Amino acid sequence: MIKDEELKTPVSGQRSSMADYLSPMAREIKPSGIRRFFDMVSESKDGDIITLGVGEPDFVTPWHVREACVYSLERGKTQYTSNAGMPELREAIVEYMSSRFNVNYDPAKEVIVTVGGSEAIDLALRVLINPGDEILVPEPCYISYSPITSLSGGVPVGIETFAKDDFKLTAEALKASITPRSKLLVLCYPSNPTGGIMTYEDWLPIAKVVEEHDLIVISDEIYAELTYGSNHVSFASIPGMKDRTILVSGFSKAFAMTGWRMGYVCGHPELISAMLKVHQYTVMCAPIMGQVAALEALKNGMDEMRKMVDSYNQRRRLVVRGFREAGLECHEPQGALYAFPSIESTGLSSEVFAERLLKEYKVAAVPGNVFGKGGEGFLRCSYATSVAHLTEAIERIGKFVHSLKS
């Protein structure tokens, strides 16, 4: 039996602050570099700021999708679903993946509906990482991959990609980064933040390296529908890669459903089974209202989605032309929602350029260095905002660049 005095913490062992209760991992992880700029904008009382920082469609979720959700609520559909998600939604996801991207899955064993694509990425990393495993991440990239890897006990290893290669991952760069501890390759194409894409021909040598070195791939394809001039090629569709690939996607970007937090993950049944166990204990299931809306989006939302993509394409051309006319080099993004112009010619770092642009010219964008290797010297600008705002933002950026040169 434990005595009362044994329950007392010795004075010498008392913690000096609440932070001392945190795990070392929680203490050491850095806050989001993007969030810092969002906070600067939200804390400002200047209503004249134009924000190009948020990777969020400026469209409202189509009415028929919202109506399907409202109708389901009126009928009292507020219960839990199957842990893996509504069977009819998983079946619709499988049909969509087959018809759009030529990848076939079993809806009963190879699909989980998740709380956004972010949960799917977290689940995949958690079930695959052993302490010390190295996770290969082409950079610049979405900022969450490396922190989630670290939280799972893995070691993120950035692989730098370059504007001269349209920010594509090359087999040579991948090979050079592999060590005996390499286990996973995380891919995000179309790319956030660069807008880079990978073609079938680009994927073939990558697939060869993946097979030779026995890697598992987490392929984040959330921007799959947002390509311009070519169709998205899923890494899982490359011969021999389906069983090695955990494919992550969702409804946020293509269907303007960011706040619904609806995603999904597809993969080998043994990997999906392990992910489902973690999913069961953490969130149980994605909200039924969001699942109903997602099902409606897949069944009847393709026309609206195509109209949104056409609009993004118009804005993409506008901003790329605008940056080049302002004297900033800018590779042409073939996917996603972002332009990634180089600001090296100004002589300023990405952080300083972004801060001065916000304070002096009232345009908010994200410094490229927050996205990892190769991001310094660039600026991420989302073109998911109105043409009027984009036109004004480009004019202000041009004035800023001219003032630096003069």
Side-chain angles (χ1 to χ4, degrees), residues 65 68-69 72 75-129 184 186-187 210 216-222 224-225 232-252 254-255 257 260-302 305:
V65 175
C69 175
S72 74
R75 287 181 296 152
K77 294 192 74 170
T78 59
Q79 300 79 23
Y80 295 130
T81 70
S82 161
N83 293 127
M86 292 164 46
E88 55 267 49
L89 176 55
R90 282 180 278 144
E91 289 167 5
I93 289 169
V94 166
E95 171 59 29
Y96 168 74
M97 293 304 301
S98 176
S99 62
R100 294 291 291 165
F101 307 115
N102 196 32
V103 191
N104 298 304
Y105 293 102
D106 180 346
K109 298 179 180 178
E110 297 182 320
V111 182
I112 304 172
V113 179
T114 59
V115 182
S118 298
E119 190 215 351
I121 295 165
D122 184 40
L123 290 175
L125 289 169
R126 281 213 255 178
V127 302
L128 287 169
I129 290 177
L184 292 170
V186 179
L187 300 170
V210 165
I216 291 291
V217 172
I218 299 173
S219 185
D220 183 352
E221 303 184 15
I222 192 70
E225 291 288 5
H232 171 69
V233 179
S234 172
F235 188 76
S237 71
I238 304 302
M241 290 299 107
K242 182 194 166 190
D243 284 349
R244 289 188 175 274
T245 303
I246 296 175
L247 192 156
V248 172
S249 194
F251 300 85
S252 293
F255 298 97
M257 294 178 64
W260 298 82
R261 307 311 304 130
M262 294 303 304
Y264 55 89
V265 58
C266 309
H268 189 282
E270 290 186 32
L271 302 181
I272 292 296
S273 176
M275 294 171 68
L276 183 59
K277 287 188 286 187
V278 179
H279 176 74
Q280 288 170 341
Y281 288 122
T282 51
V283 302
M284 188 174 290
C285 66
I288 187 172
M289 294 76 76
Q291 293 192 52
V292 168
L295 179 60
E296 173 64 20
L298 283 181
K299 283 186 171 182
N300 301 305
M302 293 300 169
M305 181 265 289

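As the structure is a computational prediction, the values presented were derived from the model and not from experiment. Side chains included, hydrogens not; waters and symmetry mates left out as well; all remaining heavy atoms used.
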Compare all side-chain heavy atoms of Val292 with those of Arg75 and state whether any distance is below 4.5 angstrom. no

Mind listing the closest non-hydrogen atom pair of Ile222 and Gly250 along with its distance? CD1-N, 3.3 Å

Would Ile246 and Leu128 count as a side-chain contact (heavy atoms from CB on, under 4.5 Å) if you check the C-alpha gap in whole Å, the side-chain angles of each, and the deciding distance to 0.1 Å? CA-CA 11 Å; Ile246 296 175; Leu128 287 169; 3.5 Å; yes

What is the minimum heavy-atom distance between Ser98 and Asn104, and which atoms define it? OG-OD1, 2.7 Å

The test is side-chain contact (heavy atoms from CB on, under 4.5 Å); show your working for Ser234 and Met241 and say whether it passes. CA-CA 10 Å; Ser234 172; Met241 290 299 107; over 6 Å; no

For residues 105-112, which side-chain N or O atoms pair as donor and acceptor with protein atoms under 3.5 Å away, sequence neighbours left out?
residue: Asp106; atom: OD1; partner: Ala108; partner atom: N; Å: 2.9
residue: Glu110; atom: OE1; partner: Asp106; partner atom: N; Å: 2.7

At what distance, to the nearest 0.5 angstrom, does CD1 of Ile93 lie from CD of Glu88? 11.0 Å

Of all heavy-atom pairs between Cys285 and Ser82, which one has the smallest distance, and what is that distance? CB-O, 3.6 Å

Please walk me through it: do Leu298 and Leu89 pass side-chain contact (heavy atoms from CB on, under 4.5 Å)? CA-CA 9 Å; Leu298 283 181; Leu89 176 55; 4.2 Å; yes

Can you find a heavy atom in the side chain of Thr114 that is under 4.5 Å from one in the side chain of Val283? no

Sub-4.5 Å side-chain heavy-atom contact between Ile121 and Val186: no

Heavy-atom closest pair, residues Ile218 and Ala124: CD1-CB, 3.7 Å

So which heavy atom on Met275 is nearest to which on Val127, and how close? CG-CG2, 3.6 Å

Check: Val233 and Asn102 side chains under 4.5 Å, non-hydrogen atoms: no

Evaluate the side-chain proximity of Phe255 to Glu296: yes if any heavy-atom separation is below 4.5 Å, no if none is. no

Contacts satisfying ring-ring contact (aromatic ring centres under 6.0 Å, His included) that involve residues 260-288 (not counting sequence neighbours) are Phe251-Tyr264

Check step by step if side-chain contact (heavy atoms from CB on, under 4.5 Å) holds for Phe101 and Leu247. CA-CA 12 Å; Phe101 307 115; Leu247 192 156; over 6 Å; no

Ignoring hydrogens and angles, tell me if any N or O in the side chain of Ser237 forms a donor-acceptor pair with the backbone of Val103 under 3.5 Å. no

Check this for me: Glu270, atom CD, are more than 12 non-hydrogen atoms of other residues, nucleotides or ligands nearer than 6.0 Å? no

Rounded to the nearest 0.5 Å, the OG1 atom of Thr78 sits from the CE atom of Met289 at a distance of 7.5 Å

CD1-OG1 distance between Ile216 and Thr245, expressed to the nearest 0.5 angstrom: 7.5 Å

Spacing of Ser249 atom OG and Arg100 atom CZ [to the nearest 0.5 Å]: 11.5 Å

More than 12 heavy atoms of other residues, nucleotides or ligands under 6.0 Å from CG of Asp243: is that the case? yes

Can you sort out the partners of Gln280 under side chain to side chain contact (heavy atoms under 4.5 Å, CB included), two or more places apart, ordered by chain and number? Asn83, Leu276, Lys277

Might you point out which heavy atoms bring Ala297 and Met257 nearest each other, and give the distance in Å? CB-SD, 4.0 Å

I'd like to know if the side chain of Gln291 and the backbone of Ala286 have a donor-acceptor N/O pair within less than 3.5 Å. yes

Checking side chain to side chain contact (heavy atoms under 4.5 Å, CB included) against Val113, which of Met86, Met262, Glu119 comes through? Met262

If you round to the nearest 0.5 Å, how far is SG of Cys266 from CG of Leu271? 12.5 Å

